[in-house]
Amino acid sequence: MPSTHNHDKPWDTEDIDKWKVEPFKPEDNVGGTLAEESSFIVLFPKYREVYLREAWPGVTKALKNVGIACTLDLVNGSMEVKTTKKTWDPAAILKARDLIKLLARSVPAPEALRILQDDVAADVIKIRNLVNNKEKFVKRRQRLLGPNAATLKALQLLTNTYIQVQGNTVSAIGGYKGLKEVRRVVEDTMHNIHPIYQIKELMVKRELAKDPMLKNESWDRFLPNYKKRSLSKRLKPYKVHEKKPYTPFPPAAEPSKVDLQLEAGEYHIGRDAKKRMAQEDRMEKQKVKKEEKKRERERDFIAPEEPVVDDGGERKKKKRKTKVEADAE
């Protein structure tokens, strides 16, 4: 059967963006109001109570525009959103659910309200279960922030998202492509891969995207390739013993204490004789030790050898005058 789709399409031009998400308007809802009421409740911690009380009028106003009712319960510490008869967007209740979830995770209200836009999504990443050791978890979470939150700011600029690290979760708001990159970086950081490597890769990708010549080419040759240099975690013995050749015969049994006494001729000696021999042995060792200490003490009293002085010439001996020679004079 011949195809019926090979006719001209004058409305399909190159300037049309086929991937663009058109905003959903009230006139697009042909089915009318929703059949049943949907609601979501999210708990929030005690320290968020003051901030939520101040920001709640703005949240109520934003949700009223999409036909969603919201309630702040300070007694039970919960936020509730539900649909009304004026709700014309079926996905608005899901956006409102993500909104109160972000508010409970310490995301500022102006940033959290961006979730109501059609091209913006949110992702709450649980990071505590990725690391077992608490000390390692704290260090790796701090590594994600960086000094003065510099690493987090760089990641936000490269992915066009807003990231909030709070407690055991990481909340991110932005486009779908940026959220995918953020999740990859966060999970790799928790698995002991430094985020600076991912940031360098994102910077290279952003520069390559500006070149139209590389649009349909692979970017693998431009991306940095980091080799793993960590040492093997296999434990090695301190002393490596060579493997002996296999012999089917068992080794000879080592001589027992009785055998050694029989060889030395001490087995049939009585107990008193053994004590006497041990005492004589001990006395002999003490005598040798005493002699050594005496020699060491006497060494300090030995006079050192005096150096011999040589004048280089023989002294002339003066002849004494005898009494006879004196009388002659």
Side-chain angles (χ1 to χ4, degrees), residues 19-24 38-45 47-48 51-52 55 58-59 62-63 66 68 70 78-81 89-131 137-138 140-146 149-203 205-206 209:
W19 297 101
K20 184 180 179 182
V21 179
E22 296 292 338
F24 192 81
S38 301
S39 63
F40 292 98
I41 299 177
V42 174
L43 301 176
F44 61 87
Y47 61 85
R48 292 288 290 170
Y51 179 79
L52 289 175
V59 175
L63 291 176
V66 292
I68 299 293
C70 59
S78 63
M79 293 177 285
E80 182 183 6
V81 290
D89 186 2
I93 185 63
L94 302 178
K95 294 280 187 179
R97 177 200 60 185
D98 293 340
L99 171 62
I100 59 176
K101 192 183 295 184
L102 293 171
L103 290 173
R105 298 311 307 158
S106 299
V107 177
E111 294 291 341
L113 288 173
R114 289 174 49 208
I115 194 66
L116 298 177
Q117 303 174 14
D118 290 336
D119 56 343
V120 178
D123 190 9
V124 179
I125 308 167
K126 296 180 180 180
I127 58 177
R128 183 62 188 94
N129 55 354
L130 299 178
V131 184
F137 167 72
V138 173
R140 292 176 188 178
R141 184 180 61 182
Q142 183 60 33
R143 189 184 298 169
L144 185 63
L145 293 172
T151 306
L152 194 67
K153 290 176 185 176
L155 195 59
Q156 289 181 164
L157 292 173
L158 290 171
T159 56
N160 294 325
T161 57
Y162 177 81
I163 305 171
Q164 176 71 32
V165 181
Q166 177 68 24
N168 299 333
T169 58
V170 177
S171 305
I173 308 168
Y176 294 99
K177 188 176 180 181
L179 292 178
K180 187 178 178 181
E181 295 290 342
V182 169
R183 175 172 278 274
R184 182 170 66 92
V185 173
V186 170
E187 289 181 351
D188 287 350
T189 304
M190 290 296 112
H191 292 143
N192 203 20
I193 299 175
H194 204 281
I196 192 65
Y197 301 125
Q198 313 285 356
I199 289 174
K200 285 183 179 180
E201 185 178 332
L202 290 173
M203 291 173 67
K205 284 183 178 180
R206 188 173 67 170

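- With contacts defined as side-chain heavy-atom distances shorter than 4.5 Å, the pair C70/M79 does not qualify.
- Checked against salt bridge (Lys or Arg N to Asp or Glu O under 4.0 Å), R184 has the following partners two or more places apart in sequence or in another chain: E181.
- Under the side-chain contact (heavy atoms from CB on, under 4.5 Å) criterion, I193 pairs with D188, Y197, Q198, not counting sequence neighbours.
- Contact check for R105 versus F44: no side-chain heavy atoms found under the 4.5 Å cut-off.
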Should V165 and L145 be marked as a side-chain contact (heavy atoms from CB on, under 4.5 Å) after you check the CA-CA gap, both sets of side-chain angles, and the distance that decides it? CA-CA 8 Å; V165 181; L145 293 172; 3.8 Å; yes
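- Residues passing the side-chain contact (heavy atoms from CB on, under 4.5 Å) test with N160, sequence neighbours excluded: none.
- With sequence neighbours excluded, the residues that form a salt bridge (Lys or Arg N to Asp or Glu O under 4.0 Å) with K205 are E201.
- Applying the side-chain contact (heavy atoms from CB on, under 4.5 Å) test to I196 and every residue at least two apart in sequence or in another chain returns H194, K200.
- Proximity of D119 to Y176: side-chain heavy atoms (C-beta onward) are nowhere separated by under 4.5 Å.
- Screening residues 106-116 for salt bridge (Lys or Arg N to Asp or Glu O under 4.0 Å) gives E111-R114 as the qualifying pairs, with residues at least two apart or on separate chains.
- Between the CD1 atom in I68 and the CG atom in D89 there is a gap of 8.0 Å [rounded to 0.5 Å].
- In this view, N192 and R143 satisfy the side-chain hydrogen bond (donor to acceptor under 3.5 Å, both in side chains) rule, not counting sequence neighbours.
- For the residue pair T189 and R140, no side-chain donor N or O sits within less than 3.5 Å of a side-chain acceptor on the partner.
- Between G58 and L113 the shortest heavy-atom distance is O-CD1, 4.4 Å.
- Rounding to the nearest 0.5 Å places OG of S171 at 8.5 Å from CD of Q166.
- With sequence neighbours excluded, no residue forms a side-chain hydrogen bond (donor to acceptor under 3.5 Å, both in side chains) with Q142.
- Remark: F24 pairs with no residue by the ring pair (Phe, Tyr, Trp, His ring centres under 6.0 Å) rule, at least two apart or across chains.
- Using a 4.5 Å heavy-atom threshold, the side chains of I199 and T151 count as touching.
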Just do the side-chain contact (heavy atoms from CB on, under 4.5 Å) check on I127 and T169 with the steps written out, would you? CA-CA 6 Å; I127 58 177; T169 58; 5.8 Å; no
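- Residues L116 and L63 have side chains in contact (heavy-atom distance under 4.5 Å, counting atoms from C-beta outward).
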Show your working on side-chain contact (heavy atoms from CB on, under 4.5 Å) between V170 and Q164 and close with a plain yes or no. CA-CA 6 Å; V170 177; Q164 176 71 32; over 6 Å; no
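- Partners of T161 under the side-chain contact (heavy atoms from CB on, under 4.5 Å) rule, at least two apart in sequence or in another chain, are T159, I163, L179, V182.
- Summarising the geometry of F137 relative to G167, their closest heavy-atom pair is CZ-O, 3.9 Å, with the distance given to 0.1 Å.
- In this structure, CG in N129 is found 9.0 Å from CG in N168, a value given to the nearest 0.5 Å.
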Can you give each donor-acceptor pair under 3.5 Å made by side-chain atoms of residues 90-103, sequence neighbours left out, with the distance rounded to 0.1 Å?
{"unit_1": "K95", "atom_1": "NZ", "unit_2": "I115", "atom_2": "O", "d": "3.4"}
{"unit_1": "K95", "atom_1": "NZ", "unit_2": "Q117", "atom_2": "O", "d": "3.0"}
{"unit_1": "K95", "atom_1": "NZ", "unit_2": "V120", "atom_2": "O", "d": "2.7"}

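- The line from CG of L157 to CG of L202 is 11.5 Å long, rounded to the nearest 0.5 Å.
- At least one donor-acceptor pair under 3.5 Å links the side chain of Y51 to the backbone N or O of A109.
- Listed by chain and number, the residues in a salt bridge (Lys or Arg N to Asp or Glu O under 4.0 Å) with E187 are R183 (sequence neighbours excluded).
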